[in-house]
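Have a look at the structure below before the remarks.
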Protein chains: 2
Amino acid sequence: MSTLDQPRPRRVTITDVAREAGVSVATVSKVINERYGVSESTSEKVLAVIDQLGYQSSLIASSLRRKSTRVIGVLVAEFEPYSAELLKGISAGLDSTGYELLAHAGSTGVHNHSGWERRSLSRLGHTLIDGAIVVTPSMIITDETTIPVVAIDPHTGPDGPMTVDADNVTGARLAVDHLVGLGHQRIGFLGGRPDLRSAALREQGYREALHAAGLSVSPDLIRVGGYRPELAEAPARELLSLPDGLRPTAIFAANDISAIKVIEVAGSLGLRVPEDLSVIGFDNVPEARDATPPLTTVAQPLHEMGRAALGLLLELLEGKETERHLRLPAELVERSSTAAPSSD
Amino acid sequence: MSTLDQPRPRRVTITDVAREAGVSVATVSKVINERYGVSESTSEKVLAVIDQLGYQSSLIASSLRRKSTRVIGVLVAEFEPYSAELLKGISAGLDSTGYELLAHAGSTGVHNHSGWERRSLSRLGHTLIDGAIVVTPSMIITDETTIPVVAIDPHTGPDGPMTVDADNVTGARLAVDHLVGLGHQRIGFLGGRPDLRSAALREQGYREALHAAGLSVSPDLIRVGGYRPELAEAPARELLSLPDGLRPTAIFAANDISAIKVIEVAGSLGLRVPEDLSVIGFDNVPEARDATPPLTTVAQPLHEMGRAALGLLLELLEGKETERHLRLPAELVERSSTAAPSSD
DNA sequence: ATGAAAGCGCTAACAG
DNA sequence: CTGTTAGCGCTTTCAT
C-alpha cells in the first residue's frame, strides 16, 4: 500500500497523446495552444484523446521553452500573518486577469536567511514566473537581469524596484500622539528590522511626535526588535526591567507581533496591560485583535496594498509607465491595550 | 525606462558559469550538487565564478530532469481566509525539514472552477512538486497517477486520498446545542458546499442536535449556501423573509463567511443581531472576530490542521505508513452574535 | 495541414 | 577527475 511499492506512476505526456491520436507532438502542441493551421477533424480527434487521457500540459516543461508563463509569483520569507494578509489582497485582485498565482516561501531554516528573495527570484524568474511581488525583501533588488518586481515594505537604500508601502511616518506619529494624548510621558520604542525602510520611518515618526509634544527622546527608551517575536523578547525585557520612575509607561512596538510579545513579557514581569503599561503596535494583523487585551495598533491597509502591488506589476508587465512608488494611508485602531498612565 | 526598452535581460545559466570557469557544464552541475568526483581546485574555481556571476540554478530546469524537487505544493482555489490560516500552520511546520513551499491558486475565473485541483496537480506534479496538500478539493482525488496528496476538508465520496479535517459533527452539535441552550426553538441551517464532506457532516450534526433536543427538523429552515458570500446571500434572504412566527430566531451557518453574510442580510431586512436573530458560524477565521457584532462560531484548529497535513505528507513521502485520516477537535467560541430569543 | 528537428537549462549515465 | 552524450516535456521554426 505504500507509495513506493510500484514504480512511481508516470504522468501522461504530450507524447502519449500524440501516439494515441496518431499525430505528431507538434500537432498536439498546436491544438493545445490554439495555433493556426490544424484541420478541424484532427483538432477534434486530438481534443478527444486529451480528454480521455486526462492530459494536462506540464507547467514546468512549457515554461522552460516559452518566454512568458502568465503566472506571477509572490515571494515571501515565510507565511506569517503579515504576508498572509497581503496574499488575500493580491488573490482578490487577480480575479479575471488571466494570471495564476504562485506563492513561494523561500527562507528555509536559519541559514541563507538574508538574500532569500534574490535566490527565489533567480530560481523562479525567467522561467516559472513573469513577474514577482516580494514582501519585505532582505536586500535591495536592483539587478538589471531580474524580471519585473514590485516590493511591498521595501528595503532601505537608494532607489530600487517599484514599491508599495503604508505611510509609516504618519502612522507612527498617530501611535505616539495617541499615547501622548492619554498622558504618557515616558514612551518606549521597540524598533523593527533595521534593514527595512519601514522600521526607520516608524522610528522617525516616533521621534517627530515626541519632539512635537515637547518630550525628549531618550536613547534608554529605544531598542531594536527585529519584527519577530524571538527577536523582540530580550529588548522588551530590558525596557520593562528599568527601575520604577525610569521604566516607560507605554511602549510603541514597531509591529503587532512584537507588541504582542511585549504584552507577554509585561505579564511575566507582573505588569498589567493597560493599567501599568500601555502597548501599541503597527500593522493590524488579525492576531492583534486576538491578543489579551486586544491590541491598539496602527492599521496598514494590507489587502489594498497587495492589490495595488498586483496592479503595478501587471502594468509593468504590459509595458505601461506607472507610478514607481505607491504609499497608502495608515490609521489608528483603538482597542484595549492603551490607557492613561496610572497616577501613583 | 520601460522594461521593454532593452532586449529582456538574459538570466545567468549554467553554461555561462561553465564557459567562464573553463570547465564543462557537467562539472559545474556536479559542483552545485556536491557530487562525488571533483577536484578541490576545480570546485573552488567554479564556486568562485558562481559567486561572481550570482548564478542560481533554475528550479524549473532541474525539476524537469530530476525525480525529486524537495518542494511541496499547497493547492488552493484562491487565497481566502480559510486557506490563508491553513497556510500559516503549514509554513510554521516546515521549519527545518529542508522542503520549500509553493502555494498555488488554481481556480482562475469562473470557468474551470470545478476540477481546479486536478489541473494543478497535473501541471505541477511529477515535475515541480514532490507532494501536495490540497485544500477543499472540488472532486475526489483518486487517480493512481498522481503524486502523494493529503486533502484538508476533503470531498465526499468513497475513500480517496489521506485527509485531515475537524470533527464537524461534534462541532455542529456544539453550535446547535448552544443555540438550544439559549432557548431557541426555530433554528435555521444555511448549508455549505454540497460536494464537501464537511458540509454533509455539519448538517448531520445540526439534525442530531435538534433531535436530541426534541425539536423537529423542518425542511423549510434548511437551505444550501455553498460556503461563499455570493452563494449565501439568496438562501439567507429566503430564510429571513419567512413570515413572523415561521422565521427562524437563530441561524447556524455552515461557515463563518456565510454567517457574516447572514448578518449583513439581516441588517438589510431590519433585523438586529443578536436581539432579533442569533447567528453562529463555523471555522473561526480571523474575520469572524471583526464582524459586527463579533461572530459566535465553532473553531477549527486551522493552524494545527495545516501542520498535521504537512506531517502526514512528509511521512508519506518518506514511505512511512501513517494514519490515513486525522480528525482534530472543534470547539465553541462564544462572542456576541448569539443571545436568547426575544420573548415577544 | 502536418511533422522532423532543434533546443530551453539542467542532470545523469557513461566514457575517457 | 572530467567531458560527452542523452534526454526531461514542451514549443517553435522550417520543411514537406
Side-chain angles (χ1 to χ4, degrees), chain A residues 8-47 50 53 55-71 122-130 145 147, chain B residues 8-46 50 53-71 122-130 145 147:
Chain A
R8 186 75 160 293
R10 231 174 43 78
R11 57 173 289 133
V12 180
T13 75
I14 196 174
T15 313
D16 299 326
V17 176
R19 188 185 328 106
E20 187 71 20
V23 297
S24 74
V25 263
T27 302
V28 177
S29 176
K30 281 172 194 153
V31 171
I32 293 167
N33 300 295
E34 296 172 311
R35 288 279 176 285
Y36 193 70
V38 44
S39 79
E40 190 69 10
S41 61
T42 315
S43 179
E44 271 172 26
K45 191 198 323 165
V46 171
L47 253 13
I50 285 178
L53 262 42
Y55 168 77
Q56 286 287 338
S57 74
S58 159
L59 179 57
I60 272 48
S62 47
S63 297
L64 191 55
R65 204 64 182 70
R66 270 204 243 266
K67 61 288 147 212
S68 156
T69 59
R70 299 206 66 87
V71 1
S122 309
R123 282 170 63 79
L124 304 182
H126 284 305
T127 35
L128 227 204
I129 59 181
D130 288 352
T145 71
I147 56 175
Chain B
R8 186 74 160 293
R10 231 174 43 78
R11 59 171 286 134
V12 181
T13 76
I14 197 175
T15 314
D16 299 326
V17 176
R19 187 185 328 106
E20 187 70 19
V23 296
S24 74
V25 222
T27 301
V28 177
S29 175
K30 282 173 195 156
V31 171
I32 293 167
N33 300 295
E34 298 172 310
R35 287 279 177 285
Y36 192 70
V38 179
S39 78
E40 191 69 9
S41 61
T42 315
S43 179
E44 272 173 25
K45 192 199 321 167
V46 171
I50 285 176
L53 262 42
Y55 168 77
Q56 287 285 339
S57 75
S58 159
L59 178 58
I60 273 49
S62 47
S63 297
L64 190 54
R65 205 62 184 71
R66 268 203 243 270
K67 62 289 146 211
S68 154
T69 59
R70 298 206 66 88
V71 359
S122 308
R123 283 170 63 78
L124 304 182
H126 284 303
T127 37
L128 227 204
I129 60 181
D130 288 351
T145 71
I147 55 175

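Note on naming: letters A, B, ... go to the chains in the order of the sequence lines (proteins, then strands), and numbering restarts at 1 for each one.
- For B/Lys67 and D/dC8, the shortest distance from a side-chain N or O to OP1 or OP2 is not below 4.0 Å.
- Among the heavy atoms of the strands, none lies under 4.0 Å from A/Tyr36.
- The nearest whole Å value for the distance from the CG atom in A/Asn33 to the P atom in D/dT12 is 7 Å.
- At a threshold of 4.5 Å between non-hydrogen side-chain atoms, the residues A/Val28 and A/Val31 do not count as touching.
- Here D/dC10 presents its C1' atom at 12 Å from CZ of B/Arg123, a figure rounded to the nearest Å.
- Residue B/Thr42 places at least one side-chain N or O under 4.0 Å from the OP1 or OP2 atom of D/dT2.
- Judged by distance alone, with hydrogens and angles left aside, the side-chain atoms of B/Arg11 form no donor-acceptor pair with the main-chain N or O of B/Tyr55 at under 3.5 Å.
- Between A/Ser41 and A/Val25, the one whose closest nucleotide on DNA chain C sits nearer the 5' end is A/Ser41.
- The 5' end of DNA chain D is approached more closely, in terms of each residue's nearest nucleotide, by B/Ser43 than by the other of A/Arg66 and B/Ser43.
- Using a 4.0 Å cut-off, some side-chain N or O of A/Ser29 falls inside it from OP1 or OP2 of D/dT11.
- When atom types are taken as modelled, the side chain of A/Asn33 and the backbone of A/Lys30 share no donor-acceptor pair closer than 3.5 angstrom.
- Counting heavy atoms from C-beta on, the side chains of A/Arg123 and B/Ser57 come closer than 4.5 Å.
- A donor-acceptor pair under 3.5 Å links the side-chain atoms of B/Thr127 to the main chain of B/Gly125, judged by distance alone.
- For DNA chain C, the span of nucleotides reached by chain B at under 4.0 Å from its heavy atoms goes, 5' to 3', from C/dG9 to C/dA12.
- Put simply, CD1 on A/Ile14 is 13 Å from C1' on D/dC8, counting in whole angstrom units.
- Contact between the side-chain N/O atoms of B/Ser39 and the OP1/OP2 oxygens of D/dT2 is found at a separation under 4.0 Å.
- Counting to the nearest Å, the P atom of D/dT4 and the NZ atom of B/Lys30 are 11 Å from each other.
- A/Arg65 places its CZ atom 18 Å from the P atom of D/dG7, with the value rounded to the nearest Å.
- Counting only distance, with no hydrogens or angles, the side chain of B/Thr69 and the backbone of B/Leu128 share a donor-acceptor pair below 3.5 Å.
- For the OP1/OP2 pair of D/dT12 and a distance below 4.0 Å, the side-chain nitrogens and oxygens of A/Arg35 include at least one atom meeting the criterion.
- Nearest-nucleotide positions on DNA chain D place B/Val23 closer to the 5' end than the other of B/Val23 and B/Leu64.
- A donor-acceptor pair under 3.5 Å is absent between the side-chain atoms of B/Thr27 and the main chain of B/Val23, judged by distance alone.
- Among the protein residues, B/Ser57 comes within range of the sugar-phosphate backbone only, with heavy atoms under 4.0 Å from sugar or phosphate atoms but none that close to a base.
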